[in-house]
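Below is one structure, written out as structure tokens, with a few remarks after it.
Small disclaimer: the values here were computed from a predicted structure and weren't measured.
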Amino acid sequence: TQRLLGADASLHARLDLAQTPAGWRAAIDADASLADLRIAEQGGSNQDLMRWRLLAVEGLRLQLAPGERQRIVIRELQLNGVDGRLVVTEQGELDLATVSALANQPGPPSGSTKASANGLDQIDLEIGSTRLVDGAIDFEDHFIRPNYRAELTALNGQLGTVRSAG
């Protein structure tokens, strides 16, 4: 299990609402950030699992309207100072159970895909650019004998525009 040790959230937003015969239409323009996030493994070690200085979402635009595909546009997504752990188990699998509680959630109803069960197939997503600044990963491989450990530091990079298909 994981434990959130702290984080600071910020949101600056403008909301436009209009009632139409089909229902409410909404447009949201925002900038948001989540700073000084720290997540630790709960238990004996209480070791940091993930932390970052800043996750900034700039130029977020949500468009919601009944009967229409929902649209989410992010001008820039930036992650500064991320520091995390990645572990390969003795069975050669990524130890994602310690990272995500989603592993224990039930699947979608029979006859539907996970995306359609969550309504994700009705969302158009576009991210203008994604930047990683000053990241670090503590990597451990318990599958390889002898075991292997590496600290990857000064991770920096940028992705161009990413769009959902549909």
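- Residues Thr161 and Glu126 form a side-chain contact, since some pair of their non-hydrogen atoms from C-beta on lies under 4.5 Å apart.
- When hydrophobic clusters are built by joining Ile, Leu, Val, Met, Phe, Trp and Tyr residues whose side-chain heavy atoms come closer than 4.5 Å, directly or via intermediates, Phe139 is grouped together with Leu132.
- Side-chain atoms of Glu151 and Arg149, non-hydrogen and from C-beta on, do get closer than 4.5 Å to each other.
- Between Ala13 and Ala30, the shortest heavy-atom distance links the atoms CB-CB, 3.7 Å.
- The side-chain heavy atoms of Arg75 and Leu60, taken from C-beta on, include no pair separated by under 4.5 Å.
- If you take OG1 on Thr153 and CG on Asp138, they are separated by 11.0 Å, rounding to the nearest 0.5 Å.
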Working for salt bridge (Lys or Arg N to Asp or Glu O under 4.0 Å), residues Arg61 and Asp29: CA-CA 5 Å; Arg61 177 146 180 91; Asp29 291 299; 2.7 Å; yes
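- Between the side chain of Thr89 and the backbone N or O of Glu93, at least one donor-acceptor pair lies under 3.5 Å.
- A distance of 5.0 Å separates OG1 in Thr130 from CG in Leu77, rounded to the nearest 0.5 Å.
- One hydrophobic cluster, built from ILVMFWY side chains closer than 4.5 Å, holds both Leu15 and Ile72.
- Asp124 pairs with exactly one of Arg71, Arg69, Arg163 by the salt bridge (Lys or Arg N to Asp or Glu O under 4.0 Å) rule, that one being Arg69.
- Put simply, CG on Leu54 and CG on Asn80 are 5.0 Å apart, with the number rounded to the nearest 0.5 Å.
- Between Glu90 and Arg145, the closest side-chain pair of non-hydrogen atoms falls below 4.5 Å.
- Each of Leu64 and Leu125 belongs to its own hydrophobic cluster when Ile, Leu, Val, Met, Phe, Trp and Tyr are linked at side-chain heavy-atom distances under 4.5 angstrom.
- Taking CD of Glu76 as the reference point, atom CG of Asp31 lies at 10.5 Å (rounded to 0.5 Å).
- Within the 4.5 Å cutoff, the side chain of Ile123 has heavy atoms near those of the Gln70 side chain.
- Interatomic distance, Arg131 CZ to Leu79 CG, rounded to the nearest 0.5 Å: 11.5 Å.
- At a threshold of 4.5 Å between non-hydrogen side-chain atoms, the residues Gln78 and Val133 count as touching.
- Put simply, the side chain of Arg25 reaches to within 4.5 Å of the side chain of Glu68, judged on heavy atoms.
- Here CZ of Phe143 is found 12.0 Å from CG of Leu94. Values are rounded to the nearest 0.5 Å.
- The cluster map of Ile, Leu, Val, Met, Phe, Trp and Tyr, joined by side-chain heavy atoms under 4.5 Å apart, puts Val73 and Val162 in different clusters.
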Hey, mind stepping through Asp36 and Arg38 against salt bridge (Lys or Arg N to Asp or Glu O under 4.0 Å) and telling me if it holds? CA-CA 6 Å; Asp36 301 321; Arg38 191 164 162 227; over 6 Å; no
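- Using modelled atom types, one side-chain atom of Trp52 and one backbone atom of Leu34 make a donor-acceptor pair closer than 3.5 Å.
- Leu4 has its side chain within reach of Leu37: a pair of non-hydrogen atoms, C-beta onward, lies under 4.5 Å apart.
- Hydrophobic clustering (side-chain heavy atoms under 4.5 Å, transitive across Ile, Leu, Val, Met, Phe, Trp, Tyr) keeps Leu55 apart from Leu11.
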